[in-house]
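Written out below as structure tokens is the structure these notes cover.
Just so you know, ligand 1 is whichever comes first in the structure, and atom 1 is the first atom listed for that ligand. Computed from heavy atoms alone, side chains included, the values below leave out hydrogens, waters and symmetry copies.
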Amino acid sequence: MPLLSIVIPSYNEEKMILKAAQTINQLLKESNIPAELIFVNDGSKDGTWESIQRASEEIESVKGINFSRNFGKEAAILAGLEFAKGDCCVVMDCDLQHPPETVVQMYRLWEEGFEIVEGVKLTRGKESKLHGMFSKSFYRLINQATGFDMSKSSDFKLLDRKVVDAYIQLPERKLFFRALSFWLGFKSVQVEFDVNERTEGETKWSYVSLLKYALNNITSFSTAPMQLITLIGVLFLLFSVILGVQSLINYLSGHSLEGFTTIILLLLGTGSLIMISLGIIGFYISKIYEEVKRRPRYIVSGKTDSRNE
Ligand code: UDP
Ligand code: MG
């Protein structure tokens, strides 16, 4: 029987670890799927690592990786995938918002020959209106900039060994799991799932972190923001030429120029556009800087299992 690896990034989830491990383990046993559960502790501030260690003593299939600090969910996913030995891997959240029953469904589809099984959100679970609005516009933006429709996509996916190997070979420092599996190609299929409610702990996304995530991912996949700057620049140039011609005509026909307000407005307008443009360019440059430093994407401080050193 082929082995299934389940990668579970965990940050401040001490209350969830054992419960998640038991639930998933139980279900997979009943479905006769041999599996390993890889919990990646992403530098939690609570007792998550201790919980993982305890769970790994209690349940044989549970393994743990401990980060030296918080490197973010993307890094945790990568570490889990690099560690995984399975013939296919599922990435899922620790809070059981991704229903474990769907994992079985994904595995069956994989057995049928699909190489990527995408978990697609049927509903978005409970979230605030503002949050919903925010993510909607984020996805619209991403869709336009990158050409991938990811509005219902999630990090809940099954990847075949081939896909995992392709993914972990990508050299960039900043990865975006959700979109890269689109980018990779392969034979894929979608399964729909209902987002469960979080029972313990709380969501780790603040509005600031969501905004950072959005900016990061748009600039990872597209240079459209830089092209937009050029376009705005051209429009402004056209506008100023028209304004210049109009003032010249006014001057020639004997009207003196008035309009302190217009000048101030134009100054402010161009000033702010220049600042925004510099900001966008700066963002790309800082990204290039991050990439050329070639620092490791995460640092492991311990494991419950000594393989893959
Ligand atoms: N997570 C992580 N590192 C972080 C933030 C989150 O590994 O810096 C994990 C978290 O433990 C959970 C998953 O990513 O398993 C999704 O996080 P969360 O439930 O907070 O996100 P939401 O479901 O609200 O989108
Ligand atoms: Mg969650």
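Here the straight-line distance linking atom OG1 of T23 with atom CE of M16 works out to 7.0 Å at 0.5 Å rounding. The SG atom of C88 lies 12.5 Å from the CD1 atom of I116; values are rounded to the nearest 0.5 Å. Distance CG/D42 to OH/Y298: 12.0 Å, rounded to 0.5 Å.
Between the side chains of E101 and Q105, no donor-acceptor pair of N or O atoms lies under 3.5 Å.
You'll find the side chain of D160 stays beyond 4.5 Å of the side chain of F186, heavy atoms only.
The protein atom (non-hydrogen) at minimum distance from atom 14 (O) of ligand 1 is K73 CD, 3.2 Å. Of the protein's non-hydrogen atoms, Q97 OE1, 2.7 Å is the one closest to atom 23 (O) of ligand 1. Of the protein's non-hydrogen atoms, the one nearest atom 4 (C) of ligand 1 is D42 OD2, 3.4 Å. Atom 1 (N) of ligand 1 has as its closest protein heavy atom Y11 CB, 3.7 Å. Nearest to atom 18 (P) of ligand 1 among the protein's heavy atoms is R198 NH2, 3.5 Å. The protein non-hydrogen atom at the shortest distance from atom 24 (O) of ligand 1 is T203 OG1, 2.6 Å. In this structure, atom 19 (O) of ligand 1 lies nearest to the protein heavy atom D95 OD2, 2.6 Å. In terms of protein heavy-atom proximity, atom 20 (O) of ligand 1 is nearest to K204 N, 2.7 Å.
Residue-level proximity to ligand 1 for D93 is carried by backbone and side chain together, each with a heavy atom below 4.0 angstrom. Contacts with ligand 1 closer than 4.0 Å are made by side-chain heavy atoms of N70 only, the backbone lying farther away. Only the side chain of E13 comes within 4.0 Å of ligand 1, counting heavy atoms alone; its backbone N, CA, C and O stay farther away.
F71 carries R69 over the face of its six-membered ring, with the cationic atom under 6.0 Å from the centre and within 45° of the normal.
Listed for the E115 side chain is no donor-acceptor partner under 3.5 Å among the backbone atoms of K162. A donor-acceptor contact shorter than 3.5 Å links the side chain of E74 to the backbone of F177.
Nearest N/O/S atom of D95 relative to the Mg ion (ligand 2): this is OD2.
An N or O contact shorter than 3.5 Å links P9 to ligand 1 by distance. Checked by distance only, ligand 1 and C94 come closer than 3.5 Å through their nitrogen or oxygen atoms.
The distance from the Mg ion (ligand 2) to the nearest N/O/S atom of D93 is not under 2.8 Å.
In this structure, H98 and F156 have parallel ring planes: the angle between them is below the 30° cut-off, well short of the 60° mark.
Counting heavy-atom neighbours within 6.0 Å of F239 CZ, excluding the residue itself, gives a total of 12 or less.
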